[in-house]
Amino acid sequence: MQSIVCSILACLTLVVAPVHGTESERAVDAKNCRKLIPDEYQWQALDWSHLWAADLPRELKIFPEQQPDCAVHAGICADAKSKKTIVVDVDVFFKDSAIWNKPEQLRAYMALVNRYYQQARIGFNFKFRPASELPAWTENRNQLTVIFASAMPAPAGKVADAFGNLPAGKAVFNDVLMKRQDRHANPYFIMGKPLGHELGHVLGLAHTQDKALLMTQGTSSQNALDILPEQALIMRVMALQRFGGKLDSVIACH
């Protein structure tokens, strides 16, 4: 990847800076971003120009019947095929987790997510919200939401280590997640991988078998957090149609 969208995301601080800052402001943002994640963790933007958003493999999709129909949303599907970055707001809540309760604990992981999501030219604007504003499960379905909890069950009743739910527009991370054995050379992988993986589910992606891909399960040392062009386009359509993503061509943080 040649660059990431840290000027847009204000390096994951609580207050988001204007998208179009001065050159000096962008230089400061870039310097702060490099402090969060080493430069060697880089991914290149993918090419999906040969794909048709209306004809993407169904097996790559989760809840395919709930995903946008390009015959109805032709304009959105055309925008999704552009090379512009899509910026999506993500509300983040600390519910009752005994591990995660401060924004600074997560900023490096969120920076990693934004780096490897540059494969899809998607940037997440993570906004930390008070627990008192946490919506009910069936509320705010069109607002991408991340919840850190102690043991929050999935809709089927099972308490998983983490799960992303497209119908609700929410991704949940329970404390049991951190009990996994870390078998990956990337020190940011534990939490850095699950965070982007579950967001991938909310943005319409199903699990895959290839261990190099972000959407495979587990913490294999073979995992490279890779995204397929088809997966990128699925997420870009969903980000624009469902979650209020905004197109922006400014990518100023290297």
Side-chain angles (χ1 to χ4, degrees), residues 1-6 9 11-12 30 33-51 56-57 59-62 80-81 83 85-88 90 105-124 126 144 146 160-164 166 171 173 177-239 251 253-254:
M1 179 197 314
Q2 297 177 341
S3 54
I4 54 176
V5 290
C6 289
L9 306 177
C11 289
L12 312 170
C33 287
R34 285 195 293 270
K35 290 179 180 178
L36 289 171
I37 294 290
D39 288 341
E40 58 262 31
Y41 298 122
Q42 301 287 343
W43 287 262
Q44 296 291 330
L46 299 167
D47 178 16
W48 46 79
S49 60
H50 60 292
L51 300 174
L56 295 170
E59 62 269 20
L60 292 179
K61 299 179 179 180
I62 195 169
K81 281 200 66 175
K83 293 183 178 180
T85 295
I86 297 173
V87 182
V88 186
V90 181
Q105 294 175 290
L106 291 164
R107 286 186 176 128
Y109 301 119
M110 291 173 169
L112 177 66
V113 170
N114 274 320
R115 284 217 185 166
Y116 62 73
Y117 259 84
Q118 187 54 28
Q119 295 174 88
R121 296 185 187 268
I122 292 175
F124 296 110
F126 296 99
L144 198 53
V146 166
D161 53 1
F163 60 94
L166 183 155
F173 303 89
L177 174 66
M178 297 310 293
K179 295 180 181 178
R180 285 182 177 179
Q181 181 182 358
D182 187 354
R183 301 187 299 278
H184 202 281
N186 182 342
Y188 304 98
F189 190 86
I190 292 297
M191 188 46 68
K193 189 260 188 177
L195 181 55
H197 176 98
E198 302 306 340
L199 285 171
H201 282 318
V202 182
L203 289 172
L205 298 185
H207 281 136
T208 55
Q209 298 299 314
D210 187 337
K211 292 186 181 299
L213 296 179
L214 171 66
M215 295 312 296
T216 193
Q217 292 179 289
T219 56
S220 169
S221 59
Q222 301 174 48
N223 196 276
L225 304 173
D226 289 344
I227 296 170
L228 297 173
E230 292 85 353
Q231 293 174 316
L233 195 49
I234 289 169
M235 292 192 292
R236 287 173 63 82
V237 172
M238 184 65 72
I251 306 175
C253 181
H254 187 270

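Just so it is clear, the model here is predicted, and its values are computed rather than measured. Side chains are part of it too, since the values below use all heavy atoms of this structure and drop only hydrogens, waters and symmetry mates.
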Gap between atom [atom2] of [Y] and atom [atom1] of [X] - 0.5 Å precision:
{"X": "Met191", "Y": "Phe173", "atom1": "CE", "atom2": "CZ", "value": "6.0 Å"}
{"X": "Leu214", "Y": "Leu195", "atom1": "CG", "atom2": "CG", "value": "10.0 Å"}
{"X": "Leu203", "Y": "Leu166", "atom1": "CG", "atom2": "CG", "value": "8.0 Å"}
{"X": "Met238", "Y": "Leu144", "atom1": "CE", "atom2": "CG", "value": "10.5 Å"}
{"X": "Lys211", "Y": "Gln209", "atom1": "NZ", "atom2": "CD", "value": "8.0 Å"}
{"X": "Met235", "Y": "Leu205", "atom1": "CE", "atom2": "CG", "value": "5.0 Å"}

Sequence neighbours left out, cut at 3.5 Å: what donor-acceptor pairs do the side chains of residues 224-233 make with other protein atoms?
{"from": "Gln231", "atom 1": "OE1", "to": "Leu228", "atom 2": "N", "distance (Å)": "2.8"}

Side-chain touch [X]/[Y], heavy atoms, less than 4.5 angstrom:
{"X": "Gln119", "Y": "Gln44", "answer": "no"}
{"X": "Gln118", "Y": "Thr85", "answer": "yes"}
{"X": "Gln222", "Y": "Thr216", "answer": "no"}
{"X": "Val202", "Y": "Val146", "answer": "no"}

Give the minimum heavy-atom separation between [X] and [Y], together with the two atoms involved.
{"X": "Leu199", "Y": "Tyr117", "value": "C-OH, 3.9 Å"}
{"X": "Val237", "Y": "Ala80", "value": "CG2-CB, 3.6 Å"}
{"X": "Ala239", "Y": "Val88", "value": "CB-CG2, 3.7 Å"}
{"X": "Lys61", "Y": "Ala206", "value": "O-CB, 3.5 Å"}
{"X": "Leu213", "Y": "Asn223", "value": "O-ND2, 2.8 Å"}
{"X": "Ile37", "Y": "Tyr41", "value": "CG2-CD1, 3.6 Å"}

Would you confirm whether [X], through its side chain, and [Y], through its main-chain N or O, come within 3.5 Å as a donor-acceptor pair?
{"X": "Tyr109", "Y": "Pro194", "value": "no"}
{"X": "Arg236", "Y": "Lys81", "value": "no"}
{"X": "Lys83", "Y": "Arg121", "value": "no"}

Item to complete: Could you check Asp210 against Thr208 for side-chain hydrogen bond (donor to acceptor under 3.5 Å, both in side chains), going step by step and ending with a plain yes or no?
Response: CA-CA 6 Å; Asp210 187 337; Thr208 55; over 6 Å; no

Item to complete: Mark yes when over 12 heavy atoms from residues, nucleotides or ligands other than Glu59 sit less than 6.0 Å from its CD; otherwise mark no.
Response: yes

Discussion item. Does the plane of the ring in Phe126 sit parallel, tilted or perpendicular to the ring in Phe124? Use 30° and 60° as the thresholds.
Written reply: tilted

